[in-house]
Amino acid sequence: MIIRKATVLGAGVMGSQIAALLVNAGLKVELLDVVIDQENPNKLSKAGYDRITNPKKSMLFNSDHAANLTYGNYTEQLSEKSDSDIFIEAVKEDVEIKHEVWSTVAKVAKENAILATNTSGIPINVIAKVFSEEDKQRFVGLHFFNPPRFMKLVEVIPNTETSEEVIEQVTKFTEDTLGKGVIHAKDVPAFVANRTGTHAMSDIMFRGEKEGYSIAEIDALTGKVIGRPMGTYALADLVGLDVAMFVVGGLMRDPSEQPFFNQAELIGQLYKEGALGNKTKHGFYKKENKKKLVINPETMEYTEISKPELEILEKFGRDLKENMDIIFNAEEGAGKLLWETLRSTFYYAAHNVPKATDDYKEIDRAMVWGFNWKKGPFQLWDLMGYERVKERIQEELGDLPDWVANREEPFYEKGEILEKTTPIQEFIAEDIWNREDSRLSKTKNNQLLFKFQTPNNTITDGLSQDIIDAVDELENKEYTSMVIYSPGPNFSVGANLYMMKMAIEQDKVDELVEATISELHEAVNRIRYTTKPIVTATQGRALGGGAEILLASPAVVAAAESYIGLVEVGVGLVPGGGGLAELAERVSTGPDQKANKIKTMSEVVTRVASAEVAMNAYEAQRHLYLKESDTIIANGDKRVEVALEKADFLSRTNYIPRPKVTFEALGEDFKALVEGQLEAMRLGHFISDYDMEIGLAVAEILAGGLVPKRTSVNQDWIQHLEKENFIRLSKNQKTYERISHMLTKKKPLRN
C-alpha cells in the first residue's frame, strides 16, 4: 500500500507538528481532536490547524500545501468509514484516553490502514489490548522525537502481534516519504533512545553530586568535549525535569533495571518546587535580566556561574579520539569521573542488546539521531579502544553480556556509517584523484563523482581549480555525467574568510582576491555550460559560494532541509561567484511581465542585501536559488544516490547543454528605484550606512550596471561587475571589521 492520506489523532503541540511533517511530505492530512465545546466542536483541531498555518511562523514548507490539511473532531469525522491509509495517535499519555480513541478508530478504519501510536511512555502492548487479534497485526508504535521536523529519529516498536509486512511498510514510509532515521525498538520501558539517554543523564548527576562537582563543572565535562551538544544539566532543563524524573522512575520500577540506576537528590528537590527547567523558566539554570544563573544546591538560590577551573579541561581539544584517550588514561579527579560515567554508559548499552533492540548499532543511531551525540556508545567504545575498554570494564564491573564478551573485533569496520543507505564507496569503481581539496572518482556506472574535501566544505582556490579539472575530465573522456557532493551536515558555508582577512592585512587584495574571483567564475561557468549533465547534491546550509555552486548547476538534488542563501553582505561583501549574474538572468528571462520583473528583482536585492536565507528547499525555489526542475527529497541521506540516478537519466535522454544568452538589463533606473527603498530603511534605522552602500552595489550588479534600461547584457558582463564591486568593498575598513568580527564572534557585525 502506498500511504498518501493520513489522519492525526490529537491536535496538541506534538500532533500538530506531526501533521505538518506529513503535509510537508506531500500527504493529504486530517487533524482531529475531541469535542470540548458543543457550539464550536472543532475548537481544538482548529487551534492546531492555526498553529500549523500561522502566516508569521508557518510550519509548512509551502503555504499552498495548507490545502492538503483539514481539521475536524472525533465525533463527526470518526462516525463513518475512513479512507485514510494511516492513523497516527498523539493524545495525552493516558491509557484510558488512548483506548477510547482507538476503539472508535478501529470501527471506521479501512482493513489495510496502519494504526500507529506516538506514545513515549506507555507500553505498546498495553495500548494494543483494546484491539482485536486481527487489528493488533496492523498496530505499531511510531515514536517521533520532538520537534519531529528537525529531529531525525523515529522509533518503530511492534506489539507482540504486529505483522512483519506492517513493520516494513511503516519503516519504508518513515524513511523515504518522511525522510527520517528509523530504529527498531522492543516494547520495553522508554524503548531505546530515552532509556539510554536518561541513564547517561542520571548517572553523571549522581556521580557529580557524590564527588562534589558543581553543575557548571559537570556541564563543562559532559558537553562537546565528549561529543554531546550540551552539558547534562542544561539538557535536563531543555527536556524538562518532570520528563526526566518520569522516565527514570518508570525504569526503576523494573527490578532488572534497578542495578543500573541511582537517582540524584537535587533534581528531586527542584521537581518538588516546580522548577522544571526551560518550560518553567527555571530549573538547574535560570535567566535573570539576560544573565544566566545557576542553582546553588546548598542554599537553593540562584547565583552567578563560576567558570570551571578543572585541569583536564585544558587538555581537551576538538579531536574526540584524543579526548577519549585522555579520559581513559586519567587516574584521578574529573578524568576518572568521566571514565566511570562513560564506562557505565557502555556497560548499560551492552546490556540493552537484545533487551531493547536486537542490533547494537540501533542504540548508536538512537543517540546520534535522537540526542544529537556525535558518536553513539559503541562508536565511542571503539574510539577509546575496543579491547582495552572491554578488559577494563570486565575488571571493574564484572562480566559483560556474552555477545560482547565473546566478540574479538571492534563494533565497526573502518569507514562504516550509521545511515541506512547505500555507502557511497559502493558506487565507486576507482579513484581518479584524491587531492587535498577534492576527490574525483569513477563510478561503476561510468559516471564521475566529485567530493569536496576542504575544511567545513569551504570554497577555496584549490577547490575551484579542481572543479575546472573535473569538468575537463568529464568533457574530454567517455564519462556520461558527473555528480558534485560534499560530506557532513552542510553542503558548504561559503568562502574561506581567513584567506580574505589575510589578503586585506597584507594589502594584497588586487593580487590575491582578483585571482580567486576569476578562478571561481571560471569554475562555475564550466559547471553551468557543461556539454554533459552535472547534478549537485545538497543538504543543510549552502551559503555564499556554496549557494553559487548550486545556482550554476544544470540540475540539483536538494534535501528538503536545505538552507540556501547569498549571505556575503554580513561580512561586508557582495556575492562574487556568479550568483548575482545567475539570478539576474533567471529574473530577466523568466515568464513574468516587465512590471513583475522589477518587483521580483527588487525582492532579490532585498534578500541578498539583508543576507536572508531560504529556510527549506521549497522556499529556495521561490527565492530562485533552486529551479522548478530541481529535485527535492525528504531523506537527505539519499541525496547522492538520487543525484547519480538523475544524472544517469539526463545523460540517456538527449541532454541539451545550456546556451549562453543575452538579456535586457533593468539598468540605472532600477538602481535609482532601489536607492529610494534603501534610503527609507536607512532613515528608519533598519540598516546602517554601510549596509546601504553594499545594498546599492548589489542593486547595480543585478541591474546590469549604470547602463540605460533594455541594454543587452550577459552573465560575463555581470560577473565582471561582481568582481569589480567585490574588490572595491574588500579594500574598505568596514569590510575588514565585519570579517574579523565574524571570525571571532561567529555572528555578523552591522557597522
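Residue indices begin at 1 and follow the sequence shown.
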Looking only at heavy atoms, which two atoms of Glu519 and Ser464 are closest? And how far apart?
CG-CB, 3.8 Å
Looking at side-chain heavy atoms only, is the closest gap between Asn490 and Asn457 below 4.5 Å?
no
Nearest-0.5 Å distance that lies between atom CD in Glu436 and atom CG in Asn434:
11.0 Å
Residues 367-381 side chain polar contacts: donor-acceptor under 3.5 Å, at least two apart:
| residue | atom | partner | partner atom | Å |
| --- | --- | --- | --- | --- |
| Gln379 | OE1 | Gly376 | N | 2.8 |
| Trp381 | NE1 | Tyr386 | O | 3.1 |

Passes side chain to side chain contact (heavy atoms under 4.5 Å, CB included), Gln621 versus Asn62? Steps please.
CA-CA 10 Å; Gln621 283 183 323; Asn62 188 332; over 6 Å; no
Could you tell me whether the side chain of Lys532 and the main chain of Leu474 form a donor-acceptor pair under 3.5 Å?
yes
List the steps, then state whether side chain to side chain contact (heavy atoms under 4.5 Å, CB included) holds for Arg149 with Met59.
CA-CA 9 Å; Arg149 173 183 165 183; Met59 297 182 193; over 6 Å; no
Can you confirm whether Met500 sits close enough to Leu573 that some side-chain heavy atom of one is under 4.5 Å from a side-chain heavy atom of the other?
yes
Between Arg622 and Asp64, is the closest basic N to carboxylate O distance under 4.0 Å?
no
Indicate whether the side chain of Thr480 and that of Gln447 have a donor and an acceptor atom separated by less than 3.5 Å.
no
Just by modelled atom types, is the Thr460 backbone N or O under 3.5 Å from a matching donor or acceptor in the Asn496 side chain?
no
Tell me, with the steps shown, if Asp85 and Leu27 meet side chain to side chain contact (heavy atoms under 4.5 Å, CB included).
CA-CA 10 Å; Asp85 301 311; Leu27 276 73; over 6 Å; no
Neighbour count above 12 (heavy atom, 6.0 Å) for Arg541 CZ
no
For a quick check under 3.5 Å, do Ser651 and Ser481 share a side-chain donor-acceptor pair by atom type?
no
Check: Asp466 main-chain N/O paired with Arg435 side-chain donor or acceptor under 3.5 Å:
no
Compare all side-chain heavy atoms of Glu548 with those of Ile459 and state whether any distance is below 4.5 angstrom.
no
How many angstroms lie between CD in Glu473 and OH in Tyr479, if you round to the nearest 0.5 Å?
4.5 Å
Does a donor on one side chain sit under 3.5 Å from an acceptor on the other, for Ser518 and Lys723?
yes
Can you tell if the side chain of Ile549 reaches within under 4.5 Å of the side chain of Ile467, non-hydrogen atoms only?
yes
Donor-acceptor side-chain pairing of Asp637 and Thr421 below 3.5 angstrom
no
Check Pro487 against Lys451 and note the closest heavy-atom contact, atom names and distance.
CG-CE, 3.8 Å
Using modelled atom types and a 3.5 Å cut-off, is there a donor and acceptor pairing between side-chain atoms of Thr631 and backbone atoms of Val557?
no
Please check: side-chain N/O of Glu475 versus main-chain N/O of Thr531, any donor-acceptor pairing under 3.5 Å?
yes
Check this for me: does any side-chain nitrogen of one of Lys638 and Glu645 sit under 4.0 Å from a carboxylate oxygen of the other?
no
Start with the C-alpha gap between Asp716 and Asn525, add the side-chain angles, then the distance that decides, and say whether side chain to side chain contact (heavy atoms under 4.5 Å, CB included) holds.
CA-CA 9 Å; Asp716 288 343; Asn525 287 334; 4.3 Å; yes
Salt-bridge present (Lys361, Asp364; N to O < 4.0 Å)
no
Going by distance alone, is a donor N or O of one side chain under 3.5 Å from an acceptor N or O of the other, for Gln465 and Asp469?
yes
Show the nearest heavy-atom pair for residues Leu153 and Ala366, with the distance to one decimal.
CD2-O, 3.6 Å
Using modelled atom types only, decide if a donor and an acceptor are shared between the side chain of Arg607 and the backbone of Glu612 within a distance under 3.5 Å.
no
I'd like to know if Glu426 pairs up with Lys444 as an ion pair, taking the criterion as any Lys NZ or Arg NE/NH1/NH2 lying under 4.0 Å from an Asp or Glu carboxylate oxygen.
no
To the nearest 0.5 Å, how far apart are OG in Ser441 and CE in Met482?
11.5 Å
Determine the minimum heavy-atom distance between Arg586 and Leu624, stating which atoms define it.
NH1-O, 2.6 Å
Check the surroundings of atom CD in Glu416: do more than 12 heavy atoms from other residues, nucleotides or ligands lie under 6.0 Å from it?
yes
Between the side chains of Glu585 and Arg658, is the shortest nitrogen-to-carboxylate-oxygen separation below 4.0 Å, so that they form an ion pair?
yes
Return the minimal non-hydrogen interatomic distance between Met742 and Pro748, and the atom names on each side.
CE-N, 3.6 Å
Is atom NZ of Lys224 surrounded by more than 12 heavy atoms (other residues, nucleotides or ligands) closer than 6.0 Å?
no
Spatial distance of atom OG1 (Thr171) from atom CG (Asp176) [nearest 0.5 Å]:
10.0 Å
CG of Leu626 to CD1 of Ile564: how many Å apart, nearest 0.5 Å?
4.0 Å
Is there a donor-acceptor pair closer than 3.5 Å between any side-chain N or O of Gln453 and the backbone N or O of Leu463?
no
State, with a plain yes or no, whether a side-chain heavy atom of Arg652 is found less than 4.5 Å away from one of Asp648.
yes
Donor-acceptor pair, Ser562 side chain versus Ala559 backbone, under 3.5 Å?
yes
Please tell me if the side chains of Arg639 and Thr538 come closer than 4.5 Å, counting only heavy atoms from C-beta onward.
no
Can you tell if the side chain of Asp472 reaches within under 4.5 Å of the side chain of Ile468, non-hydrogen atoms only?
yes
Does Lys180 make a cation-pi contact with Phe144 (under 6.0 Å, within 45 degrees of the axis)?
no
Are there more than 12 heavy atoms of other residues, nucleotides or ligands under 6.0 Å from atom CG of Asn456?
no
Do Leu142 and Thr117 touch side chain to side chain, with heavy atoms closer than 4.5 Å?
no
Any Lys/Arg nitrogen of Glu168 or Lys172 sitting under 4.0 Å from an Asp/Glu carboxylate oxygen of the other?
no
Backbone N or O of Ile86 within a donor-acceptor pair of the Ser84 side chain at under 3.5 Å?
no
Can you tell me if Glu155 and Asn194 form a side-chain donor-acceptor pair at under 3.5 Å?
no
On a heavy-atom basis, which atom in Tyr529 and which in Pro659 lie closest, and how many Å separate them?
CE2-O, 3.8 Å
Taking Ala470's backbone N and O only, do any of them form a donor-acceptor pair with Arg526's side chain (distance below 3.5 Å, no angle check)?
no
Would Asn146 and Gln17 count as a side-chain hydrogen bond (donor to acceptor under 3.5 Å, both in side chains) if you check the C-alpha gap in whole Å, the side-chain angles of each, and the deciding distance to 0.1 Å?
CA-CA 9 Å; Asn146 193 21; Gln17 291 184 91; 3.1 Å; yes
In this structure, are over 12 heavy atoms from other groups packed under 6.0 Å from Glu165 atom CD?
no
What is the distance from atom CZ of Phe173 to atom CG of Leu22, rounded to the nearest 0.5 Å?
5.5 Å
Among Thr443, Val535, Thr422, Asn445, the one residue meeting side chain to side chain contact (heavy atoms under 4.5 Å, CB included) with Leu644
Thr443
For Glu362 and Tyr360, test the side chains for any donor-to-acceptor distance below 3.5 angstrom and give the result as yes or no.
no
